[in-house]
Colleague: 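Quick one: the structure is below, and I'll ask about it shortly.
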Amino acid sequence: MTTGDYLAMLNPEQLAAVRHEGRGLLILAGAGSGKTRVITTKIAWLIRERGLEPESILAVTFTNKAAREMQERACAMEPRCSRTIIRTFHSFGSWFLRRNARAAGLDSSFTIYDDDDSTTLVHGFLPEKTRSECSRIASRIAKAKDFALAPDSPGLAAVTSEGDFRRLYGDYEARLRKTGNVDFGDLILLPGRILAENEAIRNRFRQRFRVVLVDEYQDSNVAQFELLRLLAGDEAYVCVVGDDDQSIYRFRGAEVRNILTFPDTFGGIDVVRLERNYRSYQSILDVAGAVVSRNEGRLGKRLVAERKGGRKPVLATLADHDEEAAYCARVVERVRKAGGSYSDVAVLYRTNAQSLAFERLFARIKFPYRIVGSVRFYEREEIKDALAFLAVVSNGRDEVAFRRVVNKPARGVGGVSVQAIVDEAYFGGTAAGGTADGELPGIFEPGNLVAAARRAAGGLTTARARSGLAAFVDLVDRLGASLGPKPVAGEVDEGAVGDTAALPVPPADPERSLARLVERVVMESGLREYHESGDEVQGKQRAANLDELVNAASDYGLSRDGLAQFLEAVELDRAMTIRDPDADAVTLITIHNTKGLEFPVVIVTGLEQGLFPRDDESGEDLEEERRLFYVACTRAKDELHLTWCRRRLFRGKIMESAPSRFLGEIPREAIDTAGGRLPAPALSTGPWKPGLAVYHDDYGPGCVAQVKPTGSGPLVIVRFETGKQLRFFTRYAGLEIVGR
DNA sequence: CAATTCGGGATCTGC
DNA sequence: TCCCGAATTG
């Protein structure tokens with residue numbers, strides 16, 4: 001490709017976005033409008049035409065997949081892009097923190113806690129609460145961090161009104177700092193704090209990054225916005241790309257207002273709209289646009305398809321979820337008869353539970369299918385166990401990891417013993433047997449659980465606990481020793497901003513790869529045997545997953561650094577799977593998982609009130625559901641089907657359902673109806689009539705006094721024999737008709 | 001300390 | 001209906 005050619009592929013708006021200069025730019029890029037092409041071309045253009053150093057450009061995305069794709073496409077255009085930092089927000093935060101660990105009071109070898117680990121941490125200091133209560137506290141803490149709120153922030157009341165939350169959040173922070181680790185929120189918050197408080201570091205980074213680009217900006221949260229501001233200062237050129245209509249992560253702290261108000265909050269920002277869609281037929285965009293245009297909180301744009309015409313999207317009304325699955329199968333059959341393949345078709349749903357009906361039917365009729373993202377690799381119990389063991393080897397202060405594996409498989413070390421070790425780690429040391437064997441004199445490391453276990457092992461009550469713990473400590477020590485000596489803390493060069501992304505260097509000799517360590521962990525800890533011996537089918541799969549983890553480690557070196565890199569990669573890239581992506585199979589996928597994907601044929605299923613949109617709520621929740629619908633429809637290139645069922649199995653019970661209000665928001669002429677006319681949104685009362693005799697599990701026999709049709713199905717008012725009069729949605733109440 | 005039974009709750013989930 | 005966590009029992 002000669003110079004200049006790479007710009008020839010662009011339309012006028014895209015070209016304007018690439019060549020824009022000034023304070024900053026907001027690119028409003030509709031679905032399928034070629035935004036990745038614009039960002040990657042802009043990076044190449046800045047280097048080639050404007051002579052920027054590749055190292056002075058920072059591009060952040062939200063998913064590893066997007067980061068990889070951006071890196072690949074940019075490098076294909078301009079090889080020097082390999083020196084540009086293209087990372088996810090969190091991966092950038094981690095990169096930053098490891099270079100400036102001391103400024104945040106961290107060791108540069110910290111590991112990253114996920115939500116589950118945070119819950120365990122909360123449980124550690126609130127043992128009297130249940131795990132699910134701890135999980136709620138942990139998720140509120142995560143939310144507070146999404147909004148950049150510290151335990152002493154006045155705005156904390158916005159997250160929860162609970163009185164002692166401030167104290168719990170403070171305890172959590174203290175506890176987390178003791179472990180030497182960080183959670184996902186910290187990967188954004190701590191870099192922000194360092195930049196705000198440390199002028200030297202701030203100046204160094206501002207001098208380095210002259211251009212900051214953010215992809216999928218509509219998914220950013222408040223903390224990310226603040227980090228971006230601190231990084232950019234007044235001088236860097238800021239370019240954010242996004243689509244307010246595709247903001248679907250509000251529940252995780254994403255703040256649509258970030259993109260809606262971006263021009264005002266930064267100031268001097270120009271806006272370019274990319275409204276030419278290269279993916280779908282116009283008929284598909286019309287349906288997606290009809291629904292999302294009902295939202296009030298949007299910047300407003302109208303997608304115009306480059307591919308005119310196309311078949312009208314089809315609406316299918318079906319009796320129940322089995323019929324719905326059969327309809328999908330017929331669509332697949334038709335596509336294949338017309339020369340297409342299984343992988344041309346994607347079945348989309350709002351909740352994972354809906355996949356079951358499709359799985360069962362497809363398995364029976366021998367359609368190959370793949371389920372995207374229901375249980376991810378890293379989330380599997382056996383994988384988390386092995387990773388926790390590795391984390392303990394890497395960092396003896398990791399309380400969460402320690403608790404997870406110290407008695408798994410069972411070594412006789414129960415709750416009482418674990419508590420004794422934890423107490424020893426935090427409060428013991430010099431007083432009680434600090435000179436126990438194995439520990440170097442004079443080096444008492446507060447909070448180091450492995451060292452504490454070594455000291456405490458002799459003092460435990462049962463012989464089984466003593467020998468079990470000794471064996472555990474011995475194994476951790478031997479594995480640690482195989483990695484070489486521990487580095488002295490604080491040795492990382494804080495000025496090392498010039499580094500490019502530190503990618504793992506695959507070891508030349510497989511015997512020196514980290515796979516050897518992971519293999520020993522999996523075998524010698526007994527975890528492989530433990531998981532294999534469970535359920536017969538499941539056990540095989542679990543053993544295979546552990547073997548896969550061993551394989552994954554072969555790209556890393558057999559050293560402390562190699563281990564830390566591996567743990568970070570696994571923690572930050574959860575999409576790692578073991579499936580074969582090349583197989584020809586129908587895709588079963590939640591709508592959230594489809595972002596950024598496209599398929600020739602898309603079937604959006606379960607368009608029913610209460611399911612999609614999920615609640616009959618209004619306002620922000622409903623608007624987010626509309627955006628979800630918009631994302632779902634705009635995945636389709638050639639053909640779009642929408643389905644809804646009159647009845648659906650809901651928690652084991654068959655429930656009447658009403659068509660989604662979204663179906664009523666589509667103009668009649670924009671859609672083909674298969675198996676029935678376009679339903680009016682709502683409003684049937686089903687079998688419910690005044691005078692019916694009913695029975696309720698909790699309230700006993702009664703009589704229907706009144707029935708009202710609503711968007712969520714019939715609402716009945718029942719007078720019970722006890723004299724009580726209550727209102728129910730028949731969809732949810734366990735109300736049985738017993739006669740008239 | 002480990003195995004078994006019982007009861008309540010059930011979204012989406014980038015990093 | 002099905003899964004997970006807590007209480008109970010060996």
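Every chain is numbered from 1, with letters handed out A, B, ... down the list of sequences.
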Colleague: At under 4.0 Å between heavy atoms, what does A:Arg464 touch on the DNA or RNA strands: base, sugar-phosphate, or nothing?
Modeller: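 Counting heavy atoms under 4.0 Å across all strands, the contact made by A:Arg464 is with sugar-phosphate only.
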
Colleague: Check whether any side-chain nitrogen or oxygen of A:Asn593 sits under 4.0 Å from OP1 or OP2 of B:dT13, and answer yes or no.
Modeller: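 For B:dT13, OP1 or OP2 has a side-chain N or O of A:Asn593 closer than 4.0 Å.
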
Colleague: Using a strict threshold of under 4.0 Å (side-chain N to carboxylate O), is an ion pair present between A:Arg647 and A:Glu323?
Modeller: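 Here A:Glu323 does not pair with A:Arg647 in a salt bridge, since their nearest N and O are not under 4.0 Å apart.
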
Colleague: Could you go through A:Asp243 and A:Lys35, starting from their C-alpha distance and side-chain angles, then the distance that decides it, and tell me whether this counts as salt bridge (Lys or Arg N to Asp or Glu O under 4.0 Å)?
Modeller: CA-CA 10 Å; A:Asp243 180 358; A:Lys35 77 182 164 70; over 6 Å; no

Colleague: If I compare all heavy atoms of A:Val212 with all of A:Phe209, which pair ends up nearest, and what's the gap?
Modeller: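 Smallest heavy-atom distance, with atoms named: CG2-CB, 4.5 Å.
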
Colleague: Is the phosphate of B:dG14, meaning OP1 or OP2, less than 4.0 Å from a side-chain N or O of A:Thr61?
Modeller: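 So the side chain of A:Thr61 is outside the cut-off, no N or O lying under 4.0 Å from OP1 or OP2 of B:dG14.
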
Colleague: Heavy atoms only: give me the nearest A:Leu649-A:His321 pair and the separation to one decimal.
Modeller: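 For A:Leu649 and A:His321, the tightest heavy-atom pair comes out as CB-CE1, 3.4 Å.
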
Colleague: Show the distances under 3.5 angstrom between N or O atoms of the protein and N or O atoms of nucleotides 1-10 of chain C.
Modeller:
{"from": "C:dA6", "atom 1": "OP1", "to": "A:Arg131", "atom 2": "N", "distance (Å)": "2.9"}

Colleague: Check every strand shown and say whether A:Gly93 touches a base, only sugar-phosphate, or nothing at a heavy-atom separation below 4.0 Å.
Modeller: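 It contacts nothing in the nucleic acid.
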
Colleague: Within this structure, what is the CZ-to-P distance between A:Arg626 and B:dC12, rounded to whole angstrom?
Modeller: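 These atoms are roughly 22 Å apart.
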
Colleague: Should the pair A:Arg626-A:Glu665 be classified as a salt bridge under the 4.0 Å nitrogen-to-oxygen rule?
Modeller: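 A salt bridge is present here (some side-chain N lies under 4.0 Å from a carboxylate O).
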
Colleague: Does a side-chain N or O from A:Asn407 land closer than 4.0 Å to OP1 or OP2 of B:dA2, or not?
Modeller: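 For B:dA2, OP1 or OP2 has a side-chain N or O of A:Asn407 closer than 4.0 Å.
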
Colleague: Whether A:Lys384 and A:Glu381 form a salt bridge (side-chain N of Lys/Arg under 4.0 Å from carboxylate O of Asp/Glu) is what I want to check.
Modeller: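 Here A:Glu381 does not pair with A:Lys384 in a salt bridge, since their nearest N and O are not under 4.0 Å apart.
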
Colleague: Look up atom OG1 in A:Thr40 and atom CD in A:Glu69, then write down how far apart they are to the nearest 0.5 Å.
Modeller: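 Here the interatomic distance stands at 8.5 Å.
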
Colleague: Identify all pairs in which a protein N or O lies below 3.5 Å from an N or O of nucleotides 3-5 of chain B, and state each distance.
Modeller:
none

Colleague: Taking the basic N atoms (NZ, or NE/NH1/NH2) and the acidic carboxylate oxygens, is any pair closer than 4.0 Å for A:Arg350 and A:Glu625?
Modeller: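 Looking at A:Glu625 together with A:Arg350, the answer is yes, because their closest N to O distance falls below 4.0 Å.
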
Colleague: Should A:Asn352 be listed as having a side-chain N or O under 4.0 Å from OP1 or OP2 of B:dC12?
Modeller: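 Indeed, a polar side-chain atom of A:Asn352 lies that close.
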
Colleague: Between A:Glu133 (CD) and B:dG9 (C1'), how many Å, whole number?
Modeller: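 Result: 14 Å.
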
Colleague: Assign A:Asp114 to base, sugar-phosphate, or nothing according to its heavy-atom contacts below 4.0 angstrom with the strands shown.
Modeller: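 No contact.
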
Colleague: With sugar-phosphate meaning primed atoms plus P, OP1 and OP2, does A:Phe62 contact a base, only sugar-phosphate, or nothing at under 4.0 Å between heavy atoms?
Modeller: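 Counting heavy atoms under 4.0 Å across all strands, the contact made by A:Phe62 includes a base.
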
Colleague: Are A:Phe251 and the base of B:dC12 stacked, counting only ring centres nearer than 5.5 Å and planes tilted under 30°?
Modeller: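 The ring of A:Phe251 is stacked on B:dC12.
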
Colleague: What is the distance, rounded to the nearest whole Å, between atom CG of A:Leu628 and atom P of B:dG14?
Modeller: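 Nearest whole value for this atom pair: 14 Å.
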
Colleague: Nearest whole Å is fine: how far is B:dC15 P from A:Glu571 CD?
Modeller: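 Interatomic distance, CD of A:Glu571 to P of B:dC15: 11 Å.
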
Colleague: So that I can tick it off, tell me whether A:Asp146 and A:Arg252 are bridged by a salt bridge, with the cut-off set at under 4.0 angstrom between side-chain N and carboxylate O.
Modeller: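 Salt bridge flag = no for A:Asp146 with A:Arg252.
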
Colleague: Let me know the distance between CD of A:Gln419 and P of B:dC1, rounded to the nearest Å.
Modeller: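 So the CD-P distance, A:Gln419 to B:dC1, works out to 12 Å.
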
Colleague: Measure from CZ on A:Arg252 to P on B:dG14 and round the result to the nearest Å.
Modeller: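 To the nearest whole Å, that distance equals 5 Å.
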
Colleague: Would you mind reading off the distance between A:Lys595 atom NZ and B:dC12 atom P, rounded to a whole angstrom?
Modeller: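 My rounded result for the distance is 17 Å.
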
Colleague: Report which part of the nucleic acid A:Ser417 touches: base, sugar-phosphate, or nothing (heavy-atom distance under 4.0 Å, all strands).
Modeller: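 Here A:Ser417 touches the backbone only, sparing every base.
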
Colleague: Please figure out whether A:Ser220 or A:Glu625 has its closest DNA chain B nucleotide nearer the 5' end.
Modeller: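 Looking at DNA chain B, the more 5' nearest nucleotide goes with A:Glu625.
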
Colleague: Nearest to the side chain of A:His592, which nucleotide is it out of B:dT13, B:dC1, B:dC15?
Modeller: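 Looking only at side-chain atoms, A:His592 lies closest to B:dT13.
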
Colleague: How many whole angstroms separate atom OH of A:Tyr249 from atom C1' of B:dG14?
Modeller: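 Taking OH of A:Tyr249 and C1' of B:dG14, I get 5 Å after rounding.
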
Colleague: Under 3.5 Å, sequence neighbours excluded: what are the donor-acceptor pairs made by side chains of residues 416-423 of chain A?
Modeller:
{"from": "A:Gln419", "atom 1": "NE2", "to": "A:Asp423", "atom 2": "OD1", "distance (Å)": "3.2"}

